Structure formats: structure tokens, C-alpha cells
Amino acid sequence: MAACISSTSLPTAIRYAATTLDIFIDAIRLRPRTRSSLRGHSTNCNAGHAAPTADATDGELPASDLLSRFSGIMKLFPNRSRTFFPEPGAKPFQSDPFHYNLLMKAFSRAGRPDEVLRLFREMKESKCDPNVLCYTTVIDALVASNRSDEAEKVFEEMIDSGVTPDAASFTVLVKFYSFYLRKFDSACEIIRWMVRSGCDPDVVTYSTLIAGLCRAGMVEEAWGVLDQMLQGNCSPNAHSFAPFLQAYCSQGKIEAAIRLMESMRSIGCPPDSVAYNILINGFCKHGYFNEAAHLLENCVSDGWEPDAVTYNTYISGLCKVGRAEDAFKQLEMMLQKKLCPTVVTLNIVLDSICRESTVWEGNHHLERSLELGLEVDVVSYNTIITRLCDIGKLSWVLKLVTDMIKKGISPSTETFNIMIRSLCKAGKFRKAKCIFTSRGFVADTITCNILIHEFYMAGKIVELHNLLSGVDMDKIRPDSITYNTIIDCLCKKGKFLEAINYLRSVEDGFPSEAVAHLAYGLVRGRKIGELLNLFEEMLSQGLVLDGQAFSHLIIAFCRNGSCQSREIYKVCLVLDKMLGIV
DNA sequence: ATAGGGTTAG
């Protein structure tokens, strides 16, 4: 995700923040306040909410000692390693491809493609010829930040300068087409090109393609790739199966996931901790807590070791269903196993405190974390900001944004998305627009989805159009939620024909989720004939209607109260259509 | 070293 501020150096961030915050301050009609004046303000906004008074902020809060227990645990890990983020403008220790690559990779990890490009330019200017690894790092950084044109240019440049691409550089392109663009034909074309260049695709190449297919819900096609892989004498590993587990778990097909784990064992490719973590996540998301506990209890005999992510997953699952006390027992288990809680663990706990107790308490714990020297990141702030937005405390949001910048933590696109959504929900569209159009703010797909939903439903269509016309649509691609949002909005406004035509115009054919949304909208709008025509059209194109469309249909019928009426025969007609009976 | 897992926003 592109950061909003293109440089992490503190002076630059503050200079930048000054311009953004001016707009923000103007937007919510507040003058910048000092710390003490904010405290004074807090007593005013106490009414109805358990906002902290000056006393509460300074002393211990009686309601929960969650964080003190947490920080007690964290203190047992004094030498926790922190992720290394280089300063913008950093120079390599030595001017050779190896050291340049090392630094470029660090910037790529930190989500700073412009710094990667700067180093890449510097390399070439200082006559230090980039090797395959350097080219691959640059292409990967560009792919990860959705800058496809530039990535392709660098690939061409690599070939033009006589550097032979290896499996890794081709695989980065496969990742781009498969995982990011979902253009699987192009991804396969790259693989054929690889073979022609005498560079056989390896297990990473195939696993990358499998990951893209599974993420797009094309599990059958992914199994096809696995077959292709076996035919090419390339053995799958745990990476090759993880995307299948992920797909099954996200679709709630827990049984299928368990069976796959067993198959992995029987073919001599036993599940590793990542596979178990995916399964535990699936268990938690679908309420199989006993099974998750059982899996952890038997880890030794099953031959795997839980890691920090395992516990973060499980703790988060428990917190989400309100079992904070059980979550804490797991945190202690984590400690017993000498696993170090991470900033993600802290964020899970912070979110839980905000939901279980109050956002004020969450905020108090965030401040305590800082005092205790615990690692805090942009997600910690976003967590608190989200809940502050929920209860409409925009002045506190401003305070937090100011604080995080002072701490050297740049607000992310997410931070601004949270605020934009909140301002729209409060009817403050002009203010939301100020943030959106402020210099340096990099909108993403989610920003656009929020704007589409909020502005369209408020009838501000011209304004929406103007806002989105300023967006570089090559860099922001609509996703499945964009389609669903647009279809829902059109249906809710009674524009059924537009909704149908919009679905037809969607590039990926008829995405099943979008079809399901349209089916729902049409039934609710009592446009059964139109729906049947649409299904007819899809079936004639050889497309398959899935169960999702049908379940949306049934829900819509029930909500309309049509289940008791004669219209129920229409449902049967639709079902027959879907089954291909008529 | 190019691939898979956990936290916040639609």
C-alpha cells in the first residue's frame, strides 16, 4: 500500500503534515490546540461517553488491566529486534551491485518504490552495472506498488542491456499478472516465454500462479496448474498448498481444508506452521474454537511448532468473539513457549480493549505503550482512530494524527480512508473532499469504494464524478467490492437497467459475487423478468451460475415476504434455470 | 532469494 507521505524522514513528514493538517484542521473547523487545551476540551465531550478526565489519563484505569498485563509480558523481552527501515536518501555501504541490492530490498520492504528507483538510477549513473538480482528487486518493488508500466519498462531494459533474466525475474512478472492483475492468460504466456528462453519454471513460479488463481476463486484451475507442475517433474512444497488451504478456509469449507492437510502429510509434504496458521484462522473465523484448541494441544505429536503468528491468529479469533480472558491465557502460553509478542499482538489487544471497554481506554493504553517503550505502529493509531471516528470524536482524531506524526509515524492511506468514511457518514462531504484532494494523499481502491458508496447514496453524483475524474485509474483498479458497491447503489436508486448494463461492462465476464448482488437487487426491486433474462444470457454464453447467486436470491425473496406468496414459483423457475432444467 | 499465514479502512 502506498504511503501518503513519500518520505519517512521526520522533518519532511512534519513539513508535509503541516500542509495536510492545515487542510484537515480547516476541514473540521478546529484550531490547532495545545495538549492542555485538548484535555480541557475532553471534559466537554465527556457527556454520554466515558472520556478520560485529566485524572483518568494520569492514573490507572480501574476497568481493565489488560495492558499492564500485556506490557508485563512484553518487558520479559528486552532485546526485541525491530524491523530495519532505512532513512530516505540512504547510500549503500559499498558501491557494488550486492550492497545496492541490499538497500533497495530494504526500501522495497518499507513500501518506498521511489527510493528504490533513486538507488537504481544512482547505480547506473555511477557506472555500477545492475545484475539480475538488482533488476528483479526494482521490478518487484514496482509491481508491489501497482506501477505496471514502469515494471515492464525495467524488464525490457534488463533484456536490452544484455542481462539474462532468471527464474526469479520471470516469477516476479508471473506474480504481477496472476496475483495483481488476474490476467492468467498473460501469466501463462510468461511461463511459455520462460521455457522458450531455456529457463524452466520452478516450484516458486508455479506456486505463485496457484496463489493468484486461488485468490481469484479459481480453485479448479489452480489444481490444473498443480497437475502441470507434477508432469513437469517439479515437486510441490508447503507453499504450493497454502493457497488452496486459504481458499477452502475463506469459503468455509473447513472439512476440505482438513482433508487437504491430511493429503499433504500422505504425499510426504507435511503441513508447516503457515499451513496450520491458515487452518487455525479458518477455524476461528467459522467458530470452530474447540478444534483450534485441539490443534494447539496436539502440536508436538503432530510434528509442528506454533509461532508468534499462530498465537496472534488465535488470540485475535478469541478477541473477536469477546473471549478476552481466554485470549490472555493464550498470551501467557505464548510467553511460556518463549515466543515474543509483536506489535501485531499489541494491536489485537488494543482493538479488543476498544470494543470491549471504551475507545478512551484503548487510547489510554496506546499512550501507556508509548511510555513503556513498546513498539507502536501506524496500525495501532489507525485502530484507535477508527473507534474515535465511530463515535464522532473528530477533535480527538486530529490530536492522534498530530501525535503520530510527532512520533515519526506517517499516517497511511488507511488512516485517511478511515477519516474520509467517517466524515461522509456524518454528512460532512465538503470536509471529506478536502482530505481527498489534499496534496500528497494517495488514494487507493478502498478510498474510491468509500467515495462511490457515500457520495452516490447521498445523491451527489456530479461531485462524485468530479472527484473520481482526478484519479489515475490505471493505478487504481476496481476490485470485486467496487463492482458490488456500484451494483448495490444503482439498485437501491431503482436504476436496474443501468445495474444490468454495468455488470455486462465488467471486464472479468460476470463475476459471481457481482451477479449475486445484482440478483438480490433485482428481486428486491421485483424485477424477476429482467433477472431471468440475465440468467438466460449468461447460460447462453456457457457461464455457470453458482450457489451464491441463488442464496442471495432466496434472502431477497424472504425479505420481500414473497415466500408465502404465489411468487415463490418464480424462485423455483430461477432455480431450474440455474440447474439448466429449463 | 522470486512464492504462502496474523492486526486497522470499503
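The model shown is predicted, which means the values in this text are computed figures rather than measured ones. Numbers restart at 1 for each chain; the letters A, B, ... are given by sequence-line order, proteins then strands.
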*Asks:* Check this for me, if you would: do A/Arg192 and A/Glu189 make a salt bridge, where the nitrogen-to-carboxylate-oxygen distance has to be below 4.0 angstrom?
*Replies:*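 Counted as a salt bridge, because a side-chain N and a carboxylate O are separated by less than 4.0 Å.
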*Asks:* Counting side-chain heavy atoms from CB outward, which of B/dA3, B/dA9, B/dA1 is closest to A/Asp444?
*Replies:*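 That would be B/dA9.
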*Asks:* Given atom CD1 of A/Ile384 and atom C1' of B/dA9, what is their separation to the nearest angstrom?
*Replies:*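 So the CD1-C1' distance, A/Ile384 to B/dA9, works out to 15 Å.
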*Asks:* Have a look at A/Lys320 and say if it touches a base, only the backbone sugar-phosphate, or nothing, with a 4.0 Å heavy-atom cut-off.
*Replies:*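 Since only primed, P, OP1 and OP2 atoms lie under 4.0 Å of A/Lys320, the category is sugar-phosphate.
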*Asks:* Over all strands shown, is A/Arg387 touching base, sugar-phosphate only, or nothing at heavy-atom distances under 4.0 angstrom?
*Replies:*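 Contact class for A/Arg387: sugar-phosphate only.
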*Asks:* Between B/dA3, B/dT7, B/dG4, spot the one nearest the side chain of A/Ala242, thanks.
*Replies:*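 Closest of the options to the side chain of A/Ala242: B/dG4.
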*Asks:* Has the side chain of A/Ser240 got a donor or acceptor atom that lies under 3.5 Å from a matching backbone atom of A/Ser207?
*Replies:*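 A pair under 3.5 Å: no.
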*Asks:* Quick check for you: among B/dA3, B/dA9, B/dT7, whose closest atom lies nearest to any side-chain atom of A/Val204?
*Replies:*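 The listed nucleotide nearest to A/Val204's side chain is B/dA3.
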*Asks:* Rounded to whole Å, how long is the line connecting atom CD of A/Glu454 with atom P of B/dA9?
*Replies:*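 Nearest whole value for this atom pair: 15 Å.
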*Asks:* Using a 4.0 Å heavy-atom cut-off across all strands, classify A/Asp307 as base, sugar-phosphate, or nothing.
*Replies:*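 The residue A/Asp307 makes base contact.
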*Asks:* Figure out the CZ/P separation between A/Arg109 and B/dA1, and round it to whole Å.
*Replies:*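 One finds 11 Å between P of B/dA1 and CZ of A/Arg109, rounded.
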*Asks:* Using side-chain heavy atoms (C-beta onward) and a distance below 4.5 Å, is A/Val203 in contact with A/His239?
*Replies:*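 They are not in contact (no side-chain heavy atoms under 4.5 Å apart), so the answer is no.
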*Asks:* The side chain of A/Val344 is closest to which nucleotide in this list: B/dT7, B/dA9, B/dG4?
*Replies:*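 Shortest atom-to-atom distance from the side chain points to B/dT7.
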*Asks:* Here's one to test your reading of the geometry: is the NZ or CZ of A/Lys175 within 45 degrees of the ring axis of A/Tyr180 and under 6.0 Å from its centre?
*Replies:*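 Pair A/Lys175/A/Tyr180 does not count as cation-pi.
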*Asks:* So, do A/His239 and B/dG4 meet the stacking rule of ring centres under 5.5 Å and planes under 30°?
*Replies:*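 A/His239 ring does not meet the centre or angle cut-off for B/dG4; no stack.
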*Asks:* Touch check for A/Asp166, heavy atoms < 4.0 angstrom, all strands: base, sugar-phosphate only, or nothing?
*Replies:*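 Since no nucleic acid heavy atom lies under 4.0 Å of A/Asp166, the category is nothing.
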*Asks:* Check the distance between B/dG4's P and A/Asp202's CG and give it to me in whole angstrom.
*Replies:*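 The distance from CG of A/Asp202 to P of B/dG4 comes to 14 Å, rounded to the nearest Å.
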*Asks:* Using side-chain heavy atoms (C-beta onward) and a distance below 4.5 Å, is A/Cys424 in contact with A/Phe455?
*Replies:*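 Yes, at least one pair of side-chain atoms sits under 4.5 Å.
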*Asks:* Taking the six-membered ring for Trp, are A/Phe244 and A/Trp223 parallel (under 30°), tilted (30 to 60°) or perpendicular (over 60°)?
*Replies:*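 It falls in the parallel class, under 30°.
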*Asks:* Where the side chain of A/Lys285 is defined as all heavy atoms beyond and including C-beta, which of B/dT7, B/dA9, B/dA3 is the nearest nucleotide?
*Replies:*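 Among B/dT7, B/dA9, B/dA3, the one nearest the side chain of A/Lys285 is B/dT7.
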*Asks:* Of the listed nucleotides (B/dA3, B/dT7, B/dA1), which one gets closest to any side-chain atom of A/Leu133?
*Replies:*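 So the side chain of A/Leu133 is nearest to B/dA1.
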*Asks:* Base, sugar-phosphate, or nothing for A/Ala308, non-hydrogen atoms under 4.0 angstrom?
*Replies:*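 The answer is nothing, as A/Ala308 stays clear of every strand by at least 4.0 Å.
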*Asks:* Just the rounded figure in Å: distance from C1' of B/dG4 to CE of A/Met229.
*Replies:*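 In whole Å, B/dG4 C1' lies 12 Å from A/Met229 CE.
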*Asks:* By the 4.0 Å heavy-atom rule, please label A/Ile278 as base, sugar-phosphate, or nothing.
*Replies:*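 Touches sugar-phosphate only.
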*Asks:* Measure CG/A/Leu388 against P/B/dA9 and give the value in whole Å, please.
*Replies:*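 So the two atoms are 13 Å apart, to the nearest Å.
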*Asks:* Between A/Ile418 (CD1) and B/dA9 (P), how many Å, whole number?
*Replies:*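 My rounded result for the distance is 7 Å.
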*Asks:* What's the closest nucleotide to the side chain of A/Asp272 if the choices are B/dT7, B/dG4, B/dA3?
*Replies:*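 Among B/dT7, B/dG4, B/dA3, the one nearest the side chain of A/Asp272 is B/dG4.
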*Asks:* How long is the line joining CG of A/Asn382 and P of B/dT7, in whole Å?
*Replies:*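 Going from A/Asn382 (CG) to B/dT7 (P), I get 14 Å.
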*Asks:* Assign A/Thr313 to base, sugar-phosphate, or nothing according to its heavy-atom contacts below 4.0 angstrom with the strands shown.
*Replies:*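 Sugar-phosphate contact only - A/Thr313 comes under 4.0 Å of backbone atoms but never of a base.
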